[in-house]
Each structure stands twice: as C-alpha cells, then as structure tokens.
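None of the values given here were measured: they were computed from a predicted structure. Every heavy atom of this structure was used, including side-chain atoms; hydrogens, water molecules and symmetry mates were not.
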Amino acid sequence: MTQRISNTLTVMLLALAFLTFPAIVAARAAVDIQEITTDKGIKVWLVEDYTVPIISVRFAFKGGSVQDPAGKEGLTTLMTGLFDEGAGDLDADAFQERLDDVGAEIGFTAGQDVVLGQMRTLADERANAFELLSLAVNNPRFDEEPVNRIRSQMLTGIQREMRDPEALGQQAYAKALYGDHPYARRAGGTLESLPAITQEDLKTLHKRTFARSNFYIAVVGAIDAETLKGELDRVFGELPEQAELTEIPFVEPKLDQVVLYPYDLPQSTLQMTYPGIDRDDPEFFPAFLMNHILGGGVFSSRLFNEVREKRGLTYGVGSGLINGDYSNSLFIGTSTRADRAQETLQVIRDTIQTFLDEGATEEELEATKTYLVGAYPINNLDSSSSVASTLVQLQIDDRGVDYIDRRVGYIEAVTLEQVKAAAERLLKAKPAVLIIGPETAGNGG
C-alpha cells in the first residue's frame, strides 16, 4: 500500500511539472542555460529550476536507423525497444520493477539520424534513477526472451502496415525519391530483415554508436551543476570516446516524377516534394518564413486559404521544410475526394505560381514574424521535458547556447525580397508528386 501511494504521488508531481512550467517560462525574459563540462568531458546544457522537484533529461546519439546494415533493417529500432528490458544484473521483470519502485520514466526512440533517450524522475529519487539509466546505457542485456517479444511486436506492425495503403504508398514514394539510399529503407525493418537480426548484431550496434563523440545532452529541473556533473560522469563517462559510424552519402530527392499508388479509396492522399535548404544556409530563415506564408501557417497560409477556405477541397493542407543529416526537401501535403484530386493539385500549382509571380505581402510577412517569435516559447518551452528536448536539438544543429535569443533577430531581419528569392529558389523546380488513391485520381498527375 505504501508503494502504491508513493507511485501515485510521483505521477501527481510529474503532472504538476507540466502544469506549472509554462508559467515559469513565461515569467522569464529567456531560458537561463548553463553550458557545463564534466570532469570526464561530458558537455551538457543545464537549466536549473526548483519550482517543482522534477529532473528531466534528454539526450541523443548521432546515428539512427541509417546505420542499419543492408539486410538488417530495423536493427536500431529493435535495439531502442530493449534498453528497459533488462540491464546489468537485472532481467526485464526486475528492471521494470526497479523503475516502478523509483517512479522514474526511461525511454529510447530510433530516428533516421539519431537515437534519442529520455529520463524523468523526482529529485529525491535522483541517485536511483541515474543508476538505472547507467545500467541501460552501458550494460543492456539483449536477452533472448525480450528480443523475440519486441521483434514479434515489430513483425505484427509490419503485417498490419502491409494492409494499409497509406503506409505502402509512402514506402513506394520514399523508394522513388531516394532509390537505394538508407532514407528509402523501412526504419522498422521488413519481414525478411527482422528475423535475421541476432543478439550479436544488437551488441555490435550498441558498441559502435553509443560513444561520447556523437553524444548530446540537456537537463532541466531541480539539480545543481556540481551534482549533475557527478551523475553524468557515472552514466556516460565510461562510454567509448569515438563512435564507429558508417559513412552515409548526401542525397538529393529525385523530383519531376509522379508516383501513383493505386488503391480503391473514396479519398486520395496527395504529396508534393520540392528542393529543400540546409539549416546552415545563409538563406534558411527567408526560406523558413516563405514556407510559413505558403503553407506552414495552418489556418493562415496561402494554401489553406485557396484550397480549403475558398474551394472546400480538403479539411487541411500544409507545407514544411524537412532537414535531415543527408537530405533536405520542402513538402506539401493534403487529402481530398478522389474525384477532385487533379483539381486540388492544380489549385496548389496555381497558388505556388501566384506566389512566385507576386511574392508575399507586407502584412503576411509581419504577421508571420509575430507568430514565429511568439509561438516558439509555447511550442518548444512549455514544460521541462520540451525545454530539454529543444536544447538537445539545438546542440545537434550546432546552434549555440544563445540561439534562443539570437533567433528573434534572424526572423526580424528577413525582407520581402528575401522571401521572394527563397520562393524562386525552392518552388520553381518541377516537384515529385505522390497520389494514393484510385487510378483515375492519377490521370494527368
């Protein structure tokens, strides 16, 4: 009974952190980030906050599913599902019981370019939580039973996706865009690749990708710098110095093609892919604002106004810049009635052409600047966990500890001429087009 009450209080306090942190952030002119290096050389960004007794940890290892060897697709995803399924002297059940006793949350996720990790704990359980994290990071067991169980779950998911036209269409589109590049592979593996993965494969991947050279971490909450240094050295200080990552080539998506995935549906999914722009490009922010005016502003964009408001062709339409380590693109996506798919595509093309011809208005630009400056704290700094996640991503993108303050100036400096130039740079190309729906929806695509 005592443990049950303790766990209930833990959940309540963790929830309280999410409720109170927005007010904390709003009360500050900027997030106070300390850039710290531990005795063993671990670099961390720390935001101390004692309003609630919670510590949120976010970290990343560069690598991700692109590191899966050919024929072993799904290896990274399988590995990330196993870190809390037994570590050190604790088997899966014992590790989960210890986590429950401590009231901590530990999880790992595989992205294309990174493996993400997280931990959230009450401050007074800090030592126990970091001990469990250390076991997971340094000594995962990869025992046969949990490996087979997680693998079976992944295989069931693949079988389900094989009956899903949306998933199959997106996979065909990725193959058309990226060919034999790792970005075209299924991060979750295939029916053939998952059974081929061995315990040794998991151990080898862990050893070569979990290292200090490709590691980023941020911590937010009730912990001081000196205490944190000791904990991080205990968790990450004995990792190998250098990662052994497979070199991945940069790839441009293959444009000027139509990919039709025929399926008898009453509604068609439409997607268009244009060239992208690197985050380090001097013209990234003009492109960022251009995209928001075109389709990134969900209820205020040109595309939403023309496709949804004026013609009622869809419930929603949007665009976005995609930045990967090995490719960049701009995408536009929507769905509509199958018999109006071509009409919808033409309205999108016409809207883009008008944007190219006329550019943005002063009112659109100023409204976009106001929104992007004001929405950033709400979207990225509204809880201790989201602050930590944002800070890790800024480290991965090499933005610098003062980026949150500098970002406003980058946005305010963008001119109408730069927005028009960005549109001409990215939107004049003939896009790749994906149509998922009846064959008639692809006529003239």
Could you tell me whether [X] atom [atom1] has more than 12 heavy atoms of other residues or ligands within 6.0 Å of it?
X: Lys43; atom1: NZ; value: no
X: Asp180; atom1: CG; value: no
X: Tyr403; atom1: OH; value: yes

Review point. So among Glu364, Glu358, Glu309, which one has a salt bridge (charged side-chain N to carboxylate O under 4.0 Å, His left out) with Arg302?
Key: Glu364

Review point. Do you see a donor-acceptor pair shorter than 3.5 Å between the side chains of Gln346 and Asp350?
Key: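 On atom types as modelled, these side chains qualify, holding a pair under 3.5 Å.
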
Is any side-chain heavy atom of [Y] closer than 4.5 Å to one of [X]?
X: Leu202; Y: Val147; result: yes
X: Leu321; Y: Asn328; result: no
X: Asn138; Y: Leu239; result: yes

Exercise for review: Please confirm whether Phe331 and Tyr274 have ring centers closer than 6.0 angstrom.
Suggested key: no

Check your understanding: What do you reckon, are the aromatic ring centroids of Tyr326 and Phe250 less than 6.0 Å apart?
Key -> no

**Study point:** For the student: nearest non-hydrogen atoms of Ile197 and Leu78, plus distance
**Key:** CG2-CD2, 3.9 Å

Review point. If you measure from the Lys or Arg side-chain nitrogens to the Asp or Glu carboxylate oxygens, is any gap between Glu73 and Arg186 under 4.0 Å?
Key: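 Salt bridge absent between Glu73 and Arg186.
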
**Study point:** Test: Glu244 and Lys207 ion pair at under 4.0 Å
**Key:** no

Exercise for review: Step by step, work out the side-chain hydrogen bond (donor to acceptor under 3.5 Å, both in side chains) result for Gln393 and Asp397.
Suggested key: CA-CA 6 Å; Gln393 189 60 53; Asp397 294 337; 3.2 Å; yes

Practice item. Output all residues satisfying ring-ring contact (aromatic ring centres under 6.0 Å, His included) with Phe210, sequence neighbours left out; order by chain, then residue number. Key: Phe61, Phe83, His206

Check your understanding: Under 30°, 30 to 60°, or over 60°: which ring-plane class applies to Phe108 and Phe59, parallel, tilted or perpendicular?
Key ->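 Aromatic pair Phe108/Phe59 classed perpendicular.
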
Exercise for review: Starting at CZ of Arg399, measure out to CG of Leu394 and round the result to the nearest 0.5 Å.
Suggested key: 8.0 Å

